[in-house]
Amino acid sequence: MTEIERKFLLKTTDFLKDKTGKRITQGYLSTDPERTVRVRVKGDQGFLTIKGKSNDSGLSRYEWEKEITTQEAEKLLQLCLPGVIDKTRYEIQIGQHTWEIDIFHGENNGLNLAEIELQSETETFSKPDWIGQEVTGDKRYYNSYLSKNPYAL
């Protein structure tokens, strides 16, 4: 399946005050730019995800994801490369789209990102007023990069 998404920094997180998010812990078995292999625990679910290299625009790439047990995910996390990503994800529905808001903790504390998945690279969408600078295609904001090079203000 091809994943098409755009990524933005947040101007503020005030809009999340009354929202509930899910804690995500994820690690990487491979951070090769040609293919990343991610293990994730999201709430009470586990996932194994493989992502291919992004296209030239940084908008699209192949993604394969399989749900696994939380116990399997926790065991696989022990095999991951150093640098675990710890964040809370909020899902905000606006019109036809769901924005995924990630508030990072630990070594990436202070980084707040919003992602929107699209059906095509040219699909239009509404940008809420809390959306800031677009960072789509900027590898410094890929989780696999952040796992090795934590965010610094």
Checklist entry - So Arg61 and Lys53, side-chain contact (heavy atoms from CB on, under 4.5 Å) or not? Walk me through it. => result CA-CA 6 Å; Arg61 63 181 166 172; Lys53 183 178 180 180; over 6 Å; no

Checklist entry - What residues, two or more places apart in sequence or in another chain, satisfy side chain to side chain contact (heavy atoms under 4.5 Å, CB included) together with Gln96? => result none

Checklist entry - Given the rule in the side-chain contact (heavy atoms from CB on, under 4.5 Å) test, do Ser57 and Glu121 qualify, once you have shown the distances and angles that lead to the verdict? => result CA-CA 9 Å; Ser57 69; Glu121 289 191 15; 3.4 Å; yes

Item to check | Side-chain cluster (under 4.5 Å, hydrophobic types only) that Met1 belongs to, other residues | outcome: none

Next on the checklist: For the CG atom of Leu59 and the CD atom of Glu123, what is their distance to the nearest 0.5 Å?
Outcome noted: 11.5 Å

Item to check | OG on Ser54 to CD on Glu34, rounded to 0.5 Å | outcome: 10.5 Å

Item to check | Test side-chain contact (heavy atoms from CB on, under 4.5 Å) applied to Arg35 and Lys51, step by step | outcome: CA-CA 6 Å; Arg35 72 205 58 75; Lys51 292 188 179 196; over 6 Å; no

Item to check | Qualifying residue for side-chain hydrogen bond (donor to acceptor under 3.5 Å, both in side chains) with Thr88, from Lys19, Lys22, His105 | outcome: His105

Checklist entry - Do the side-chain N and O atoms of Ser30 and Asp32 include a donor-acceptor pair separated by under 3.5 angstrom? => result no

Item to check | Chi angles and distances behind the side-chain contact (heavy atoms from CB on, under 4.5 Å) call for Val37, Thr49 | outcome: CA-CA 6 Å; Val37 181; Thr49 306; over 6 Å; no

Checklist entry - Between Asp102 and Leu113, is there a donor-acceptor pair closer than 3.5 Å when you use the side chain of the first and the backbone of the second? => result no

Checklist entry - So, do Leu111 and Leu9 sit near enough that their side-chain heavy atoms are less than 4.5 Å apart? => result yes

Next on the checklist: Looking at Lys7 and Tyr141, would you say the former's side chain and the latter's main chain have a donor-acceptor pair under 3.5 Å?
Outcome noted: yes

Item to check | Gap between atom CD of Glu65 and atom CD1 of Ile50 - 0.5 Å precision | outcome: 10.5 Å

Next on the checklist: Ignoring hydrogens, what is the shortest heavy-atom contact between Gly27 and Cys80? Give both atom names and the distance.
Outcome noted: C-SG, 3.5 Å

Next on the checklist: Does anything in residues 126-136 form a salt bridge (charged side-chain N to carboxylate O under 4.0 Å, His left out)? List the pairs, not counting sequence neighbours.
Outcome noted: Arg6-Glu134

Next on the checklist: Please determine whether the number of non-hydrogen atoms from other residues, nucleotides or ligands lying under 6.0 Å from atom CD of Glu107 exceeds 12.
Outcome noted: no

Next on the checklist: Looking at every heavy atom in both Arg40 and Ala73, which two are closest together, and how far apart are they?
Outcome noted: O-CB, 3.8 Å

Item to check | Pro128 versus Ser126, closest heavy-atom pair with distance | outcome: CD-O, 3.4 Å

Next on the checklist: Would a single hydrophobic cluster contain both Tyr145 and Leu81, if residues Ile, Leu, Val, Met, Phe, Trp and Tyr are joined by side-chain heavy-atom contacts under 4.5 Å?
Outcome noted: no

Next on the checklist: Would a single hydrophobic cluster contain both Val41 and Val39, if residues Ile, Leu, Val, Met, Phe, Trp and Tyr are joined by side-chain heavy-atom contacts under 4.5 Å?
Outcome noted: yes

Checklist entry - How far apart are the closest heavy atoms of Asp138 and Arg140, and which atoms are they? => result OD2-NH2, 2.6 Å

Next on the checklist: Tell me whether the count of non-hydrogen atoms from other residues, nucleotides or ligands lying under 6.0 Å of CD in Gln93 goes above 12.
Outcome noted: yes

Checklist entry - With distance as the sole criterion, is a donor-acceptor pair present between the side chains of Thr98 and Glu91 under 3.5 Å? => result no

Item to check | Co-membership, hydrophobic cluster, residues Leu79 and Ile68, 4.5 Å side-chain | outcome: yes

Next on the checklist: Would the distance check show the side chain of Glu72 and the main-chain N or O of Thr69 forming a donor-acceptor pair, the cut-off being under 3.5 Å?
Outcome noted: yes

Item to check | Nearest atoms (heavy-atom pairs only) where Thr124 meets His97 | outcome: O-CE1, 3.7 Å

Checklist entry - In the hydrophobic cluster built from side-chain contacts under 4.5 Å, what are the other members alongside Trp130? => result Ile4, Phe8, Leu10, Phe15, Leu16, Tyr90, Ile92, Ile94, Trp99, Ile101, Ile103, Ile116, Leu118, Phe125, Ile131

Checklist entry - Got a second to check how far Glu67's CD is from Leu48's CG, nearest 0.5 Å? => result 12.0 Å

Checklist outcome for this item: Output for pair (Glu115 CD, Glu5 CD), nearest 0.5 Å, gives 4.0 Å

Checklist entry - Listed by chain and number, what are the side chain to side chain contact (heavy atoms under 4.5 Å, CB included) partners of Ser144, not counting sequence neighbours? => result Tyr28, Thr31, Thr36, Tyr142

Item to check | Joint cluster assignment, Tyr151 & Phe104, ILVMFWY side-chain distance < 4.5 Å | outcome: yes

Item to check | Co-membership, hydrophobic cluster, residues Leu77 and Phe47, 4.5 Å side-chain | outcome: no

Checklist entry - Mind checking whether Ile85 and Asn108 have side chains closer than 4.5 Å, heavy atoms only? => result yes

Item to check | Pair listing, salt bridge (charged side-chain N to carboxylate O under 4.0 Å, His left out) test, anchored in residues 77-86, at least two apart | outcome: Arg23-Asp86

Next on the checklist: If only side-chain N and O atoms count, and only distance matters, is there a donor-acceptor pair under 3.5 Å linking Glu63 with Thr2?
Outcome noted: no

